[in-house]
Structures are given as C-alpha cells and as structure tokens.
Student: 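Just dropping this structure here.
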Amino acid sequence: MLDREYDPKDIEQKWYKLWLEKKYFHADGNDDAKPPYSIVIPPPNVTGVLHMGHALNNTLQDIMIRYKRMDGFNALWMPGTDHAGIATQNVVEKDLAAKGLSRHDLGREAFIEEVWRWKEKHGDLIINQLKRLGASCDWDRIRFTMDEGLSNAVRRVFVTLYNEGLIYRSDYIVNWCPRCHSALSDLEVEHEEEEGFLWHIRYPLAEGNGEVVVATTRPETMLGDTCVAVNPKDERYAGLIGKQVVLPIINRSVPIVADPFVDMEFGTGAVKVTPAHDLNDYEMSLRHNLEIIVIMDESGVMNENAGPYKGMDRFECRKRLEQDLQEQGYLIDKTPYKVPVGKCYRCKTTIEPYLSKQWFVRAKPLAEEAIKAVKEGKTRIIPKQWEKTYYEWMYNIRDWCVSRQIWWGHRIPAWYCENCGEIIVSEENPTACPKCKSDNLRQETDVLDTWFSSGLWPFSTMGWPDETKELQKFYPTNVLITGFDILFFWVARMMMMGIKFMHAVPFHDVYLHALVRDEQGQKMSKSKGNIVDPIVEMDKYGADAFRFALSAFAAMGRDVRISDKRIQGYRFFINKIWNAGKFVMSNIEGFDPRSVSVDAGSLSLADAWILTELNKAIRATRSALEEYRFNDAADILYQFTWHTFCDWYIELSKPLLNTEAAPYTKWTLCHVFRSILELLHPMIPFVTEEVWQNLPGSPEESIVITRYPREDSELDFPEKALKMGYIIDIISGVRSIRGETNIPPSTQLDIVLRMKSKEIEAAVSEYGFFVRDLARVKSIGLIPEGAPRPKHCALAVTGEAEVYVPLEGVIDIDKEKDRLDKQIAKLEKELEGKRKKLSNKDFLQKANPEVVEEQVKIKDELELKLGKLLKAHELLEG
RNA sequence: AGGCACGUAGCUCAGUGGGAGAGCACCACCUUGACACGGUGGGGGUCCGGGGUUCAAAUCCCCGCGUGCCUACCA
C-alpha cells in the first residue's frame with residue numbers, strides 16, 4: 001500500500017541501488033538474441049559539476065535508452081568523462097595557487113600526478129550526480145579519455161594521420177591565450193565586439209618631407225611592423241611604392257609595398273603590417289618576403305624588440321605608446337570604433353594572434369568524407385535545419401591546430417633528434433634516431449587538444465584499435481544526443497575520425513537539442529546569478545518531476561527555458577500519478593487480474609473506451625519517441641494520464657465498481673494504469689517503479705526490464721468508444737449549463753434528452769448512471785425526435801443529442817438567455833464565414849471536392865446547432 | 001558582412017494552406033470517501049507590419065521592423 005503522499009528522496013535511492021545490483025543497465029556483448037541499440041554519452045568534464053545542460057542532455061539519452069531497453073533491444077549506454085585539458089589544468093593550478101604554488105614549482109611529472117590525484121578525489125562527483133538523475137548508463141564500462149586504452153587509440157590515430165601526411169608541424173599565426181599559455185583552435189575563440197578606437201598614425205618618409213598615415217586598432221603592434229601596404233591601384237600612393245617610411249619612436253625604416261589585399265576604402269588606404277601578430281599580415285609577409293618580428297612573449301608582455309616598452313603588458317604598452325605618439329606629434333586622430341576581439345573560451349582573456357610552431361590536422365580530406373556521409377543519408381542530422389550549418393562549416397573548414405602548450409593531456413608522440421634534427425613520430429617510445437642512430441632524443445612537450453581524443457570517443461570507448469565484440473555489435477551507434485553548440489567541436493570531428501578509422505559513420509542519427517536558458521531566455525552564468533542548479537531542483541521536487549519538465553520543454557523552439565515554477569507544476573503531476581495509484585490499489589485489493597479474461601462482450605462502455613484510448617496513446621507516444629519528439633511524448637502522456645484516465649475514466653469506474661461488471665473494470669483499471677506507468681517509465685523512472693511494484697500481477701521483477709507497451713488490436717473497440725464519447729458529451733453539456741448558470745453542485749438536476757438514434761438512446765438507457773453520477777443528475781427523461789421540446793429549459797447541443805435542463809425554480813432564466821445569446825453570436829459569426837465561402841463560385845470550382853464536402857458538413861452542423869439554440873431561446877420566453 | 005532561427009492569449013510555446021490551441025496565470029463555484037500538489041465551468045487573441053501567390057494564408061513567397069544565435073583573415 002502506498003503512503004499518503006509521494007516522497008521522492010528515499011524511493012529514488014532505493015530503486016537506483018537495486019537497479020545497479022541487478023545489473024539491469026549492463027549490456028551484454030555476447031547477447032546475440034536481442035538487436036543492439038547503442039548510445040555513447042557526451043563525456044562531461046571530469047572536473048565538472050552537473051549543470052542544466054547535462055541534465056537535459058542525459059535525461060533525453062536516458063529516455064531513449066530506457067525505451068529501447070524495454071522494447072527488447074540489447075541497449076548500451078556507454079558512459080565516461082573527458083580529461084578536459086585546459087579546464088582541468090586551470091582548476092588544479094588554482095588549487096595549487098591557494099597554497100602559494102605554481103605548476104612550475106612542482107615540475108611536469110609531479111604536476112600531472114597532482115592532477116590524477118585530483119581526478120581520483122573529485123572525478124566521480126559528476127558521475128554520482130548523473131546517477132542521482134537516474135541515468136541508466138552501463139557503469140561497468142565507464143571510460144575516461146586518459147585511460148590507457150583510449151590513450152593508445154589517440155597514439156594510433158596521431159601516428160597514422162602523420163604518416164599519411166594528414167598531420168604536419170608548421171610555423172603559423174595561431175590563437176594564443178596569454179593566460180593559459182597555449183595555442184587554441186579557431187573554434188576555441190569566442191568573437192565579441194568591443195568598444196575600441198581607430199588610431200591614425202603618421203609614418204614619415206625616410207627621405208624627403210612626405211608621410212604616410214596608417215589606421216589601426218592596435219597601435220602597440222606598430223613596434224613589430226615590417227612594412228606599410230597600399231593597394232596597387234590606389235593613385236594616392238602610386239608614387240610612394242618602394243620607398244621607405246620610418247616607424248616613430250623606434251626609428252626603424254620599413255618599405256611601402258603594394259598588395260591587392262588592401263582595401264582602399266578603409267581608413268587611409270594604407271595598412272601597417274605586423275607579420276608576427278596578425279594572420280593577414282603574416283600571409284602578406286610571405287608574399288613580399290618580409291622580415292618577421294615578434295614583439296611579445298607568451299604572456300603578452302612586450303619583449304626586447306619593443307625597445308623602451310620592454311617588460312610592459314600589451315595593454316599597458318598601448319597606453320604608453322599612445323601617449324608618446326601624442327607628445328611627439330605622430331598621433332593624428334583617435335576615433336571610437338567597434339573592434340572585433342577574440343577571447344579565450346576558457347578564461348575570456350583577449351587572444352593574441354601569435355606566430356609559433358604548432359601541429360595541425362589537414363582537415364579538408366577528412367571533411368569531404370564527412371560531408372558525403374550526411375549527403376548520402378548515412379547519418380541524419382535532426383532537426384534537419386542543422387544540416388546546412390554542418391555543410392557550411394565543413395566546406396569552409398580550415399586546418400585544425402591540435403597542439404596545446406599545457407601539461408595535462410595526451411602528449412604528442414613525437415621526438416626530435418638533437419643530433420640531426422630528425423622528427424620521429426611513433427606509437428612506441430623510440431630509443432634511437434632511425435636516421436643518425438643517436439640516442440639524444442627529446443620528446444615533444446606539447447599535448448593534444450582534448451577534442452582530438454573526444455573525436456575518437458564512439459570507437460575508442462569500445463576498445464579500438466583492438467577488434468572487440470563491442471565494436472562489432474555496437475558500432476556504429478544508433479544516435480548521438482547532444483547540444484547544437486558542439487556540432488563543430490565534437491560531432492563534426494567524430495564524423496571525420498569515425499569514417500577515417502572505422503570506415504563507417506559513428507552514428508546513424510544525430511539529435512541536436514536546445515540550450516537551457518533561464519526564465520527570461522538568458523544564458524545562465526555565474527556572474528548573472530541566474531543559475532538553476534539541477535541538484536537543488538531535484539532536492540526540492542524529486543528527479544522525476546525535474547526530468548519530466550526537461551522532456552516537456554525539450555523541443556520548444558531553440559531554447560529550453562526552465563523555471564522553478566514549471567518544475568513544480570510537474571511535481572504536481574507526479575503526485576497525481578501517485579494518487580491515481582492509491583485509488584487503483586485500494587479498489588483492486590485482493591483482486592487477481594489473471595482471473596479475468598476480457599472480450600468485447602464483457603466490457604462496459606467506459607472500459608472499452610479507455611482501452612481504445614490507451615491504444616491511441618501508445619501509438620502516439622511510440623512515434624513521438626522514435627522521432628525524438630520528447631515534448632510531444634511528454635504532452636501526450638500528461639494529457640492521457642491526467643485528463644483521459646484520471647478525470648474521466650477513474651470517475652466513470654466508480655459507479656462501475658458497484659456493479660457485477662466490477663471484475664472487468666478492475667482488470668481495466670489495473671491494465672491501463674500499469675500501461676501508463678510503463679509508458680512513462682523512460683521519462684520518470686522512479687515513481688513509476690515504486691507504484692508499479694505495488695500493482696498486482698506485474699510480469700517482471702522490475703519495470704526497468706518489462707516490455708514497453710504495444711498496441712493491442714484485441715483491445716480496440718471503436719464502436720463502444722464512440723458511444724462512450726456521446727455520453728461524455730452529454731455529461732459535459734450538463735456540467736456546462738450548471739457552471740454557466742451557477743447551479744450549485746449540491747442541486748440534483750432533472751434532465752431530458754432527445755437523441756438522434758435509437759441505438760444511442762439504448763446506450764444512454766443502459767449507462768444512464770454515468771450521467772447521473774458524473775453530472776449530478778436525479779432523473780433522465782428521454783423524448784423521441786420530433787416530440788415537442790420541454791419549456792423553460794437550458795439547452796446543450798452535442799453531436800448526437802439535445803440536452804435539456806429544466807430551469808424553472810432552479811435558477812434565473814435571464815442568465816440562461818444571456819448564455820445562449822453568447823453562444824448564438826459566436827455561431828452566427830462562424831456561419832457567416834462558411835456561407836460566404838460556400839457561395840463563392842471559385843471555391844466550389846477550384847477547391848478539392850473533399851474539402852468542399854467537409855465545409856458543407858461543417859456548415860450544416862453549425863446551422864443545425866444554431867437552429868436548436870434559437871429555438872431554445874424562444875422556449876425560455878415561455 | 002554572410003548564414004540560421006524566432007515574433008500566435010498576461011507568460012512560455014504548439015499548430016505550418018481550408019472550423020484559432022495547450023500548460024501556467026486569471027475569474028466563478030466546489031472541503032464529493034485517490035488527489036486542494038485537487039475538481040467543475042469560464043473569460044481572454046488586428047496569429048509583428050506591409051505587399052504578393054491562391055477560390056482560400058497564422059500557415060507559402062517578397063519587403064520592412066524587432067529579437068536571438070552561429071560563422072568570418074574587415075586593418
């Protein structure tokens with residue numbers, strides 16, 4: 001028997017523990033009887049804490065995997081965490097800093113050990129939070145991107161790509177974070193517009209009196225200028241090309257060159273060129289064989305090439321330089337200007353374009369295959385609108401900078417021979433240079449971008465490069481569920497790597513869900529203080545309510561707006577289920593569902609109706625889940641559970657439970673309610689298990705492994721369901737009159753019905769008690785069609801009946817007149833539109849005949865209803 | 001600069017060619033033996049503006065206006 005109120009806390013823990021003990025979540029690699037179904041988790045950062053995005057993402061995955069598991073699949077949900085190079089290193093460095101230490105104090109090896117210790121200590125926090133959410137991952141298989149197996153995969157991939165010329169090492173301008181002291185890929189830079197300035201600076205000619213004025217948003221880079229460029233077509237500067245100008249302050253002479261890249265319209269049409277600190281300038285320097293001068297160190301501090309500014313931070317330098325230029329008369333103009341600025345996605349520090357030697361993946365050839373796979377439908381991107389974004393990025397893909405100057409991560413398997421300069425890239429640590437046999441080898445200190453290893457996730461987690469039974473069975477995975485924000489970061493790279501190394505796409509479907517925002521649609525951030533903490537929500541309302549809220553809002557627009565209040569709303573839904581459970585249980589005590597065999601003949605109208613409705617709900621839910629329409633699935637089940645089952649069927653069952661048909665009603669109550677729990681289980685696993693366990697005659701030891709409901713044609717009774725529908729309409733009609741004319745619920749009514757057909761009249765005669773009970777009616781009179789209408793009555797017109805409620809002595813007749821007036825006005829407006837449409841010759845000629853027919857039918861119905869209402873109004877007059 | 005979305009009831013959003021919908025909020029009534037975390041009934045909308053296609057447009061097309069987001073080597 002269930003407690004008075006539903007209390008999630010103990011119940012959630014109890015069941016999750018049992019599910020683990022029973023190993024329900026474990027997918028058996030040797031089970032060949034069931035078809036496989038697999039999902040790999042987007043691995044959260046090992047240092048992470050569960051946020052709303054994780055909660056949404058993992059709830060959706062759990063819904064799919066639980067659904068498929070129940071539906072007879074060998075379902076594998078592969079879990080794990082990501083080592084998150086920069087993020088994790090930052091966290092541990094911060095921790096050290098609190099003790100007054102830097103990573104350099106420890107040295108590389110000791111620092112890495114420290115990170116591992118940190119991981120051991122805090123790494124399972126987010127895993128436990130996922131368990132709290134109810135995630136049914138196969139925890140026996142949990143992986144970490146730095147595990148030995150996965151690290152081997154990384155090495156294999158790196159070496160293979162290098163040997164095929166798809167990885168190369170080169171000097172290039174990269175996005176440098178002066179705070180993280182590392183290069184970043186293009187994707188790891190966030191672009192923002194900042195309020196800045198456009199400075200106009202005078203560069204005097206080396207010989208003679210002329211000058212060239214350049215415009216720049218970053219005056220400090222002037223110190224590294226190696227030329228000034230103008231457009232060859234620009235007549236203003238035609239005579240100056242080839243001459244020298246002198247850089248103010250540092251008095252270095254640089255040439256004026258002509259390059260078509262220069263936009264004549266912008267600024268003065270003359271560009272200062274700083275090859276070491278700007279990508280365009282770098283490329284221009286290659287075209288003109290220019291000198292390259294690096295003016296900052298890796299912390300963004302000016303170096304010896306900056307002359308008097310050496311040792312200053314880049315922004316301090318800008319200020320001082322501006323002052324000096326001003327004083328010495330070189331600064332001509334300074335106007336406010338919106339400047340695009342790149343920021344480090346980890347620490348928001350302004351990125352410095354910086355010339356350095358880095359490792360790159362040649363992305364184009366890999367991208368081509370990844371594009372093809374989607375074009376050919378081998379992988380579907382859902383919703384489809386994202387396909388275009390995917391193509392757009394893939395077509396314009398640039399080489400991927402994969403080296404990072406940090407310590408935590410997969411160290412690049414490359415060695416440099418100190419003797420002959422040979423580069424050795426190998427899976428095994430080399431002992432001697434293959435070229436000069438020297439053993440004086442130095443290993444590359446850079447590590448790989450975290451996304452490099454994440455890109456291998458769908459197959460590295462399954463044991464690749466070994467040929468495992470898991471790979472054979474579960475690769476490609478069925479679906480990847482993730483946020484659209486990492487479409488390029490992760491999805492695109494898994495596609496490239498999966499196709500390259502497995503010769504098959506990593507997943508058949510990619511479902512991209514929205515980002516979670518706050519009530520006002522704002523991105524959640526600590527600084528805004530608008531963070532909704534999943535753990536807090538689960539503490540307050542339970543994991544089920546929280547999960548249901550997430551699935552209900554999953555596909556609404558592009559954002560998921562979550563608020564405490566909405567979660568509370570679904571908490572009420574959980575409680576509703578609980579209470580329905582209490583009702584069902586108390587009424588079927590001692591009843592064995594297996595003692596009854598149901599058939600069309602034995603079932604009452606209400607039983608037949610709800611069973612038919614159940615079939616509809618099953619069909620709709622399944623198709624919603626198959627198409628990842630999580631919100632639809634949630635809506636359908638919310639509606640069916642609350643309004644169809646609780647509001648109508650439970651109420652209808654009450655009178656039935658006192659009749660001799662009671663066993664059938666008990667059976668139906670039990671069957672439908674059990675089905676509801678099973679249908680809902682993937683979304684709200686805990687409460688459904690608790691209630692389900694209390695129902696008699698459950699086929700399995702847990703709802704987790706019971707069969708997901710399927711449509712049952714044996715339990716489909718459309719004719720009876722239709723009749724039940726008519727009776728429901730009559731009840732609604734009476735209630736409506738009662739409500740609108742303010743007849744108190746305590747007043748028992750006498751009503752008179754006039755039915756369209758004998759058949760329905762018979763049904764109403766047999767099941768009049770439904771109307772009496774649910775509409776609080778004392779007596780039901782039946783009059784034949786064509787018989788005179790009773791006087792002083794309120795009228796409700798349904799499809800199959802006219803419902804008369806005598807009002808004399810019951811309420812104010814005028815109120816009923818008002819009510820009818822309103823309905824008449826509404827109908828007349830509608831009718832007018834229809835008549836107009838149907839008198840339009842063009843419509844009759846050109847519209848689809850079925851449409852015309854339907855419109856005529858609607859018009860007839862409206863007219864009939866209107867006629868009855870007008871008549872009723874007349875009768876009220878007396 | 002280009003791209004992708006979005007603009008429907010007070011709020012959050014469904015609906016995507018033929019009778020304007022849901023949840024929450026609101027109003028009225030109701031302590032009926034599953035549930036007041038409840039029940040019953042109800043009010044509320046120039047479907048952003050303008051033009052076009054069509055017999056018919058919230059729905060398709062174009063142009064505005066507004067709002068998000070993504071991409072980009074605009075000094």
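Quick caveat, the model's predicted, so the values are computed rather than measured. Below, chain A is the first sequence line, B the second, and so on; all start at residue 1.
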Student: Quantified in whole Å, what is the C1' atom distance between nucleotide B:U12 and nucleotide B:U54?
Tutor: 34 Å
Student: Between B:C13 and B:A9, how many Å separate the two C1' atoms, rounded to a whole number?
Tutor: 11 Å
Student: Can you measure A:Asn694 atom CG to B:A34 atom P for me and round it to whole angstrom units?
Tutor: 18 Å
Student: Tell me what A:Glu740 touches on the nucleic acid: a base, only sugar-phosphate, or nothing, going by heavy atoms under 4.0 Å.
Tutor: sugar-phosphate
Student: State which of B:G23, B:G39, B:C69 makes the closest approach to the side chain of A:His643.
Tutor: B:G23
Student: Could you tell me which nucleotide pairs with B:U71 by Watson-Crick or G-U wobble geometry, both distances under 3.5 Å, or answer none if nothing does?
Tutor: B:A1
Student: Quantified in whole Å, what is the P atom distance between nucleotide B:U71 and nucleotide B:G50?
Tutor: 36 Å
Student: Check the phosphate of B:C35 against A:Lys576, side-chain N and O only, distance under 4.0 Å to OP1 or OP2. Yes or no?
Tutor: no
Student: Under 3.5 Å, is there a donor on one side chain and an acceptor on the other for A:Tyr541 and A:Asp564?
Tutor: yes
Student: Counting the atoms with a prime plus P, OP1 and OP2 as sugar-phosphate, which does A:Lys859 contact under 4.0 Å by heavy atoms, base, sugar-phosphate, or nothing?
Tutor: nothing
Student: Which nucleotide wins on minimum distance to the side chain of A:Phe488, given the candidates B:G19, B:C70, B:A75?
Tutor: B:C70
Student: Base, sugar-phosphate, or nothing for A:Lys384, non-hydrogen atoms under 4.0 angstrom?
Tutor: nothing
Student: Answer with yes or no whether A:Lys582 presents, from its side chain, a donor or acceptor under 3.5 Å of a partner atom in the base of B:C35.
Tutor: no
Student: State the pairing partner of B:C47; accept Watson-Crick or G-U wobble contacts with both distances under 3.5 Å, and report none otherwise.
Tutor: none
Student: By nearest nucleotide on RNA chain B, pick out whichever of A:Val262 and A:Phe583 is the more 5' one.
Tutor: A:Phe583
Student: Using atom P of each nucleotide, how far apart are B:G66 and B:C60 to the nearest Å?
Tutor: 22 Å
Student: Under a 3.5 Å cut-off for both contacts, is B:A56 paired Watson-Crick or G-U wobble with anything, and if yes, with which nucleotide?
Tutor: none
Student: Taking atom C1' in both B:U31 and B:G38, compute the distance separating them and give it to the nearest angstrom.
Tutor: 10 Å
Student: Would the base of B:A56 count as contacting A:Gln855 through its side chain, where contact means a donor and an acceptor less than 3.5 Å apart?
Tutor: no
Student: Could you let me know what B:U16 is paired to, Watson-Crick or G-U wobble, both distances under 3.5 Å, or none if it's on its own?
Tutor: none
Student: Would you say the side chain of A:Trp578 lies within less than 4.5 Å of the side chain of A:Lys576, judging by non-hydrogen atoms?
Tutor: no
Student: Can you tell me how far P in B:U40 sits from the matching atom in B:A22, rounded to whole Å?
Tutor: 15 Å
Student: At 4.0 Å (heavy atoms only), tell me whether A:Tyr337 reaches a base, stays on the sugar-phosphate, or touches nothing.
Tutor: sugar-phosphate
Student: Quick check on B:A75: is either OP1 or OP2 less than 4.0 Å from any side-chain nitrogen or oxygen of A:Lys272?
Tutor: no
Student: Taking the side chain of A:Phe484 as its heavy atoms from C-beta onward, which of B:C69, B:A34, B:G38 lies nearest to it?
Tutor: B:C69
Student: Using a 4.0 Å heavy-atom cut-off across all strands, classify A:Lys841 as base, sugar-phosphate, or nothing.
Tutor: nothing
Student: Can you figure out which of B:G42, B:G18, B:A34 approaches the side chain of A:Val851 most closely?
Tutor: B:G18
Student: Say whether A:Lys666 and A:Thr668, considering side chains only, have a donor N or O and an acceptor N or O under 3.5 Å apart.
Tutor: no
Student: Describe the nucleic acid contact of A:Asn848 in one word from base, sugar-phosphate, nothing, applying a heavy-atom distance below 4.0 Å.
Tutor: base
Student: Under 3.5 Å, side chain of A:Glu832 to main-chain N/O of A:Lys829, donor-acceptor pair present?
Tutor: no
Student: Between A:Arg738 and A:Asn579, which residue's closest nucleotide on RNA chain B lies nearer the 5′ terminus?
Tutor: A:Asn579
Student: Please classify the nucleic acid contact of A:Pro353 as base, sugar-phosphate, or nothing, using heavy-atom distances under 4.0 Å.
Tutor: nothing
Student: Could you tell me how far B:A14 sits from B:G52 if I compare only their C1' atoms? Round to whole Å.
Tutor: 28 Å
Student: For A:Arg776, answer base if it contacts any base atom (sugar-phosphate contacts may also be present), sugar-phosphate if it contacts only those atoms, and nothing otherwise; contact means non-hydrogen atoms under 4.0 Å.
Tutor: base
Student: Classify A:Leu844 by what it touches in the nucleic acid, base, sugar-phosphate, or nothing, heavy-atom distance under 4.0 Å.
Tutor: nothing
Student: Tell me which nucleotide among B:A72, B:G19, B:A34 gets nearest to the side chain of A:Ile858.
Tutor: B:G19
Student: Identify whether any heavy atom of A:Trp199 sits under 4.0 Å from a base atom; if not, whether one sits that close to sugar-phosphate; answer base, sugar-phosphate or nothing.
Tutor: nothing
Student: Taking any heavy-atom pair under 4.0 Å as a contact, classify A:Thr217: base, sugar-phosphate, or nothing.
Tutor: sugar-phosphate
Student: Going by atom types only, do A:Tyr203 and A:Asp225 share a side-chain donor-acceptor pair under 3.5 Å?
Tutor: yes
Student: Side chains of A:Lys582 and A:Asn579: do they bring a donor and an acceptor to under 3.5 Å?
Tutor: yes
Student: Classify A:Asp263 by what it touches in the nucleic acid, base, sugar-phosphate, or nothing, heavy-atom distance under 4.0 Å.
Tutor: base
Student: With rounding to the closest Å, how many angstrom separate the P atoms on B:G44 and B:A57?
Tutor: 25 Å
Student: Grab the CG-C1' distance between A:Leu864 and B:G19 for me, whole Å please.
Tutor: 16 Å
Student: For the pair made of CG in A:Asp632 and P in B:U16, what is the distance, rounded to whole Å?
Tutor: 11 Å
Student: Counting side-chain heavy atoms from CB outward, which of B:G38, B:C4, B:C55 is closest to A:Phe843?
Tutor: B:C55
Student: Picking from B:A28, B:G43, B:A34, which would you name as closest to the side chain of A:Lys822?
Tutor: B:G43
Student: Whom does B:C6 pair with, Watson-Crick or G-U wobble, provided both distances fall under 3.5 Å?
Tutor: B:G66
Student: Can a salt bridge be assigned to the pair A:Glu537 and A:Arg571 using a cut-off of 4.0 Å between side-chain N and carboxylate O?
Tutor: no
Student: Side chains of A:Ser185 and A:Glu188: do they bring a donor and an acceptor to under 3.5 Å?
Tutor: yes
Student: Would you kindly give the CZ-to-P distance between A:Arg566 and B:A25, to the nearest whole Å?
Tutor: 11 Å
Student: Taking atom P of B:C4 as reference, at what distance in whole Å does atom CH2 of A:Trp386 sit?
Tutor: 12 Å
Student: Is the distance from OP1 or OP2 of B:G39 to the nearest side-chain N or O of A:Trp648 less than 4.0 Å?
Tutor: no
Student: Assess the pair A:Phe573 and A:Phe548: is the distance between their ring centroids shorter than 6.0 Å?
Tutor: yes
Student: Taking atom P of B:G39 as reference, at what distance in whole Å does atom CD1 of A:Ile731 sit?
Tutor: 17 Å
Student: Check every atom of B:G42, B:C55, B:A34 against the side chain of A:Ser736 and return the nucleotide holding the closest atom.
Tutor: B:G42
Student: For A:Glu651, answer base if it contacts any base atom (sugar-phosphate contacts may also be present), sugar-phosphate if it contacts only those atoms, and nothing otherwise; contact means non-hydrogen atoms under 4.0 Å.
Tutor: base
Student: What nucleotide, of B:C74, B:G18, B:A72, holds the atom closest to the side chain of A:Lys837?
Tutor: B:G18
Student: For B:G41, what is the paired nucleotide under Watson-Crick or G-U wobble rules, both distances under 3.5 Å?
Tutor: B:C27
Student: Students often get this wrong, so: under 4.0 angstrom with heavy atoms, is A:Ile650 touching a base, only sugar-phosphate, or nothing?
Tutor: base
Student: Let me know the distance between OH of A:Tyr570 and P of B:G38, rounded to the nearest Å.
Tutor: 14 Å
Student: If you compare all heavy atoms of A:Phe770 against all heavy atoms of A:Ile731, which two are closest, and at what distance to 0.1 Å?
Tutor: O-CD1, 3.8 Å
Student: What's the closest nucleotide to the A:Phe572 side chain, out of B:C37, B:U71, B:C24?
Tutor: B:C37
